[in-house]
There are 2 protein chains.
Amino acid sequence: MGAQTVKLGHVEPLPPLFRRIADELRAKIRSGELAPNAQLPTQAELMRQYDVSDGVIKAVMRTLASEGLIQARRGAGTFVKARPTRQRLPRSWWRPARGGSPFLQDMAAHGMHGSWAFDSETVQASPEIRDRLGLDEPDSELPDVMRTAYTFMADDEPVQLATSYEPWALTKGEPIAYPEAGPHAGQGVVERMAVIGITVTHWSEVVSARPASTVEAQALKIGAGALVLTIERTYFAETRPVETADIAIPVDRYEIVYGAPVREASGE
Amino acid sequence: MGAQTVKLGHVEPLPPLFRRIADELRAKIRSGELAPNAQLPTQAELMRQYDVSDGVIKAVMRTLASEGLIQARRGAGTFVKARPTRQRLPRSWWRPARGGSPFLQDMAAHGMHGSWAFDSETVQASPEIRDRLGLDEPDSELPDVMRTAYTFMADDEPVQLATSYEPWALTKGEPIAYPEAGPHAGQGVVERMAVIGITVTHWSEVVSARPASTVEAQALKIGAGALVLTIERTYFAETRPVETADIAIPVDRYEIVYGAPVREASGE
DNA sequence: TCGAATTTGTGCGTATGTATC
DNA sequence: GGATACATACGCACAAATTCG
């Protein structure tokens, strides 16, 4: 049963020059003819080889760079990006109800050393965050969420940016009001909520991707416009959202892994 | 006395022109001053407004387009992209051991009509696929995997490309050898494997993102180079991989959702 | 239906800035 | 400092798609 190709009555026009050249170079990279870390011919050299103007070659370079295949270093040259078996950031289906920071657990399970920096303050939530947390319109200027910005590091390399939001109405005056201060600092949302009698029952993560913003690129030490995976994570106690977070992960160095068991049907 | 050069600490250089202009336009879009579906000034107009050359404006447009904020239509103009509340593709933690195609179930659960096209053939696996399936080097020219290429549609719009690989050694001669033929056509991997006595115990999905290839862009009806989320899915029977698939999903129209319960610690 | 005007896409050539070797 | 190499910017020409009288 081979592939079926149906030719309709119209001719595909040739792709533009820069795309055809990009295709050629991409093939050479994938085939290994251009090995990882090898230097590509200089742009001037490529202009001669293909007999095109510099604009075309630059478009080719932009294309391949946006695919993460090459990296240009000003003054040095353009190099095939080594694909050093991207680190995997496990996001376990299994989120234990006790046991400390999920991030540290995941890191430890994979032999990495995790650490983080943070910054907490109470603010008024944006409409989107209000929606995700199921909050009403604020009727005053008072803050309605605790916002905490995290930078997570694995082996001293930044791997995640996260901004977490918790309804201030839930945690105000509680010992866990500041996620990273007090006796329960550094623990996960599940554990901290348990302290104030809230049982987190499930979580949801919405995964997407986009180019990094300027600030994200700086914080993650990646090039401007490099891709990041984005995760909107929300923890629920039954139907009520109790925490939500925006997470950004650079896609060229890390990939994320989900997994779960397959089970016979049962009540839940 | 000769001229003295005094270094006053370190001055951040201004971002390049095209980036500053892109920042300005991005802000106008986010603030709503440029509403969704509104037409941007033409490139010629922008050249006058900012008093820059056409190359700069084109770079600005490329930048914003790559961020998914605008979309240019040749001959017509450039428009702010409406963000039509992206459809969510649920990827349930819960994969029932019985019940037919997971894709159809997910679609039905969200009130969409799912359908798909496919093409199966036996081939020799690439080294990467061999690695994911735990297969040995082939010692002949004989095929070692069944490859099936799928195009999944939701409400007649392509939403996923998937290429599935199953070890031929497992399924050769079995009634489920061809995933989409015979009495068990259209069922999920879990169910089909059960037919030949293999119990799928868990799954793993590695999520990443990259620009779409030319063929992917055509199949998904998206622009060349638009972003796709990629998933490497593998089903396991205990420790043995029994199926793996490469999945591509356009990021501008769909986002994927994972979720699971939080539970007290127990054996598994 | 047709053609002209408009608008974006591709390509060419040149000049200058800046980082690296 | 000099040579090399990529990044940014200017300006022009033409192609391709759309719009509109």
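Below, all heavy atoms of this structure are taken into account, side chains as well, without hydrogens, waters or symmetry copies.
- Listed by chain and residue number, B:Tyr50 satisfy the side-chain hydrogen bond (donor to acceptor under 3.5 Å, both in side chains) test with B:Glu24 (two or more places apart in sequence, or in another chain).
- With sequence neighbours excluded, no residue forms a side-chain hydrogen bond (donor to acceptor under 3.5 Å, both in side chains) with B:Thr122.
- Within the structure, salt bridge (Lys or Arg N to Asp or Glu O under 4.0 Å) pairs that include any residue of residues 214-225 of chain A comprise A:Arg210-A:Glu216 (at least two apart or interchain).
- Distance, A:Gln71 CD to D:dA5 C1': 15 Å, rounded to whole Å.
- Applying the side-chain hydrogen bond (donor to acceptor under 3.5 Å, both in side chains) test to B:Glu128 and every residue at least two apart in sequence or in another chain returns B:Arg132.
- When rounded to the nearest whole Å, the span between OH of B:Tyr50 and P of D:dA9 equals 14 Å.
- The side-chain hydrogen bond (donor to acceptor under 3.5 Å, both in side chains) check on A:Arg48 picks up A:Glu45, with sequence neighbours excluded.
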Nucleotide-resolved protein contact map, nucleotides 8-15 of chain C, B/S/- at heavy-atom distance under 4.0 Å:
BBBSBBB-

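- Between the CZ atom of B:Arg62 and the P atom of D:dA7 there is a distance of 12 Å, given to the nearest Å.
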